[in-house]
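Notes follow the structure.
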2 protein chains.
Amino acid sequence: MTDERQISKAVIARLPRYYRYLGDLMEEGIERISSNELSARMKVTASQIRQDLNNFGGFGQQGYGYNVRYLYNEIARIIGIDRQHNIIIIGAGNLGQAIANYANFEKRGFMIKGMFDINPRLIGLVVRGVEIRGIDDLEQFIIENEVQIAALTIPKSKAPEIAERLVNAGIKAIWNFAHMDLTVPDDVVVENVHLSDSLMRLSYRVSSMMDERERKEKERLEKEV
Amino acid sequence: MTDERQISKAVIARLPRYYRYLGDLMEEGIERISSNELSARMKVTASQIRQDLNNFGGFGQQGYGYNVRYLYNEIARIIGIDRQHNIIIIGAGNLGQAIANYANFEKRGFMIKGMFDINPRLIGLVVRGVEIRGIDDLEQFIIENEVQIAALTIPKSKAPEIAERLVNAGIKAIWNFAHMDLTVPDDVVVENVHLSDSLMRLSYRVSSMMDERERKEKERLEKEV
DNA sequence: GATTTTTTGTTAAAAATGTTTGACAAGGAT
DNA sequence: ATCCTTGTCAAACATTTTTAACAAAAAATC
């Protein structure tokens, strides 16, 4: 059976949001929810929710809706955060430390096994119980600790070289905060977080909103004349 | 003339990437580039580049291509980073400080005017020449300093309350790092950076890649039998 | 300076992808 | 027995990407 038709990127991109909302519902002590209620909260259509979930199986019950905790756990399983992922952080600056300090990651199976930096002043420091190391023993560390994911919070200039070392050491995925596109083999996943790109999109939207406001203001004034 | 037809989100999302590549080209000292050469570097089609740019006007020259510096500046203008944006950071933890320390933002017209936190231990500290303040005088500060953008790097629990204060004080845009969707009026821009969502997408892709690898391995073994 | 080559700006159409809407049988809840 | 709500499908609609084409402008060549 080659029935495993590809699930669209758009659906996958929505999964974390479902997960987030279900987590919120659990915190509110809500045990069950219908696609309709959830759609109202999330401002998407109920049909989209049902169809999205239907890509992975049937998790609800007719006449009942979805059990919040069950669906929450099922989505965790789909996303793969029910398993443990070992992760290292390359670049122990503010951003690297911010990631290390984000407690929830460990709750979701992302275990920070190590941090690395080239700055001698940082090496030896301990962040959240994790010691910052120099990058000389990077490869060995990855292999010994079965590290699958590397968060890359280093300057662009060093990124390609480090990425290559990571790939050669057998890393499966790079969470890339460096401001560049990495070139890696097909079987290595790269998830980009380009903060400056994000800020530029924000800038565009602010600018065009301001332009529009000005344009409307002008129109209003012209009408008055 | 209401010819200002809406430019698609997809195009806008690509602009920062064009800008990034053009910056790289400038650093390499390359003065001109054709849509064809650029497409090879960026791994998109030349036609898409030409069509994307064409949304905003004609920036190239037939038989010549594009002048790198000129196009770079024009895209900056389109994105709106040729003007100055005043920005504050709410939440002076690691993430807030990481943003404050990211030097390039100021090069691109984003001036960090202030940082705010509720943690008394942080108040008074100076990061990159910017003093961390308590949030009592938030509104006054926004008005006095003509702040347009607020980066929100605070826990989910405080985010809605702060967002409302920001909106009431006249903020035009929120760069939202809190793990929740904010509700704001239509004329306020929210750009979300949900790091945990991003990590989950990564997780999904790693997991499904590993599943696929296993499946293939199985098939291979079955064939051998 | 004439000719050929390059490359843009621009349009249109086709293909691919994603979203919305409506519908309804059937399984449980009430 | 009735109501609710899922799982499921199909069709309509919307958006985005790709492909193709070509006149016109400038560069490069002869």
Side-chain angles (χ1 to χ4, degrees), chain A residues 1 3-18 21-22 25 30-75 78 201 204-205, chain B residues 1 3-18 21-22 25 30-75 78 201 204-205:
Chain A
M1 251 185 288
D3 190 34
E4 295 195 19
R5 62 191 177 288
Q6 196 55 33
I7 287 154
S8 96
K9 259 192 259 175
V11 172
I12 292 159
R14 283 193 290 269
L15 289 178
R17 189 154 178 264
Y18 291 133
Y21 273 83
L22 288 163
L25 286 167
I30 295 172
E31 282 176 15
R32 55 180 274 194
I33 194 160
S34 68
S35 57
N36 228 322
E37 291 167 306
L38 187 56
S39 81
R41 280 189 174 237
M42 296 188 63
K43 291 178 186 148
V44 297
T45 61
S47 186
Q48 182 169 70
I49 293 173
R50 297 212 299 276
Q51 289 186 57
D52 280 353
L53 295 177
N54 191 231
N55 280 294
F56 305 99
F59 307 110
Q61 206 54 264
Q62 290 96 327
Y64 175 90
Y66 299 90
N67 178 286
V68 173
R69 183 176 303 273
Y70 173 70
L71 184 54
Y72 181 79
N73 290 330
E74 283 298 298
I75 292 181
I78 294 163
R201 282 194 292 275
Y204 178 87
R205 290 167 63 200
Chain B
M1 254 188 288
D3 190 35
E4 295 195 20
R5 63 192 178 288
Q6 196 57 33
I7 287 154
S8 98
K9 260 191 260 175
V11 172
I12 292 161
R14 282 193 291 268
L15 289 178
R17 190 154 177 265
Y18 291 132
Y21 273 83
L22 288 163
L25 286 168
I30 295 171
E31 281 178 15
R32 55 180 274 194
I33 194 160
S34 69
S35 58
N36 229 323
E37 291 166 306
L38 187 56
S39 82
R41 280 189 174 238
M42 295 188 64
K43 291 177 186 149
V44 297
T45 61
S47 188
Q48 183 170 67
I49 293 173
R50 295 212 300 277
Q51 287 184 62
D52 280 353
L53 295 178
N54 191 231
N55 280 294
F56 304 100
F59 306 111
Q61 205 55 263
Q62 290 94 328
Y64 175 89
Y66 299 90
N67 178 287
V68 173
R69 182 176 302 274
Y70 174 70
L71 184 55
Y72 182 79
N73 290 331
E74 282 299 297
I75 292 181
I78 294 163
R201 282 193 293 274
Y204 177 87
R205 291 168 61 200

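Below, chain A is the first sequence line, B the second, and so on; all start at residue 1.
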Let me know the distance between CG of Asn55(A) and P of dC9(D), rounded to the nearest Å.
11 Å
Phe59(B) CZ to dA25(D) P, straight-line distance once rounded to whole Å
19 Å
Working note: Arg41(B) + Leu25(B), criterion side-chain contact (heavy atoms from CB on, under 4.5 Å); need CA distance, chi angles, decisive distance, verdict.
CA-CA 10 Å; Arg41(B) 280 189 174 238; Leu25(B) 286 168; 3.4 Å; yes
Can you check whether Ile75(A) reaches Phe56(A) side chain to side chain, under 4.5 Å on heavy atoms?
no
Should Asn73(A) and Arg69(A) be marked as a side-chain contact (heavy atoms from CB on, under 4.5 Å) after you check the CA-CA gap, both sets of side-chain angles, and the distance that decides it?
CA-CA 6 Å; Asn73(A) 290 330; Arg69(A) 183 176 303 273; 3.8 Å; yes
Closer than 4.0 Å, any side-chain N/O of Asn54(B) to the OP1 or OP2 of dT10(C)?
yes
Side-chain N or O of Ser8(A) less than 4.0 angstrom from OP1 or OP2 on dT17(C)?
no
Glu37(B) and Ser34(B): side chain donor to acceptor below 3.5 Å:
yes
Just report the end-to-end axis angle for the helix from dG1(C)-dC30(D) to dT30(C)-dA1(D), five pairs per end, to 10 degrees.
30°
What distance do Asp52(A) atom CG and Tyr18(A) atom OH have between them, rounded to the nearest 0.5 Å?
3.5 Å
Does a nitrogen or oxygen in the side chain of Tyr66(B) sit under 4.0 Å from OP1 or OP2 of dT6(C)?
no
side-chain contact (heavy atoms from CB on, under 4.5 Å) between Tyr204(B) and Ile7(A): does it pass, once the steps are laid out?
CA-CA 11 Å; Tyr204(B) 177 87; Ile7(A) 287 154; 4.0 Å; yes
Give, ordered by number, those residues of residues 34-50 of chain A having at least one heavy-atom distance below 4.0 Å to an atom of DNA chain D; if nothing qualifies, reply none.
Ser34(A), Ser35(A), Arg50(A)
Spacing of OH belonging to Tyr21(A) relative to CD1 belonging to Ile33(A), to within rounding of 0.5 Å
11.0 Å
So, taking the atom named CD1 in Ile12(B) and the one named CZ in Arg14(B), what distance separates them when rounded to the nearest 0.5 Å?
10.0 Å
Got a donor-acceptor pair under 3.5 Å from the side chain of Gln51(B) to the base of dT19(D)?
yes
Measure all distances between protein nitrogen or oxygen atoms and nitrogen or oxygen atoms of nucleotides 26-30 of chain C, and list the pairs falling under 3.5 Å.
| residue | atom | partner | partner atom | Å |
| --- | --- | --- | --- | --- |
| dG27(C) | N2 | Gln62(A) | O | 3.4 |
| dG27(C) | N2 | Gly63(A) | N | 3.0 |
| dT30(C) | OP1 | Arg32(A) | NH1 | 2.7 |

Rounded to whole Å, please give me the gap between CG in Leu53(A) and P in dT8(D).
11 Å
Rounded to the nearest Å, what distance is computed from the CG atom of residue Asp52(B) to the P atom of nucleotide dT10(C)?
14 Å
Pairwise side-chain contact, Pro16(B) with Arg201(A), heavy-atom cut-off 4.5 Å (strictly under)
yes
Should Leu53(B) and Tyr66(B) be marked as a side-chain contact (heavy atoms from CB on, under 4.5 Å) after you check the CA-CA gap, both sets of side-chain angles, and the distance that decides it?
CA-CA 11 Å; Leu53(B) 295 178; Tyr66(B) 299 90; 3.7 Å; yes
Would you kindly give the CD1-to-C1' distance between Ile12(B) and dT15(D), to the nearest whole Å?
14 Å
Once you round to the nearest 0.5 Å, how far does CG of Asn67(B) lie from CD of Glu74(B)?
10.5 Å
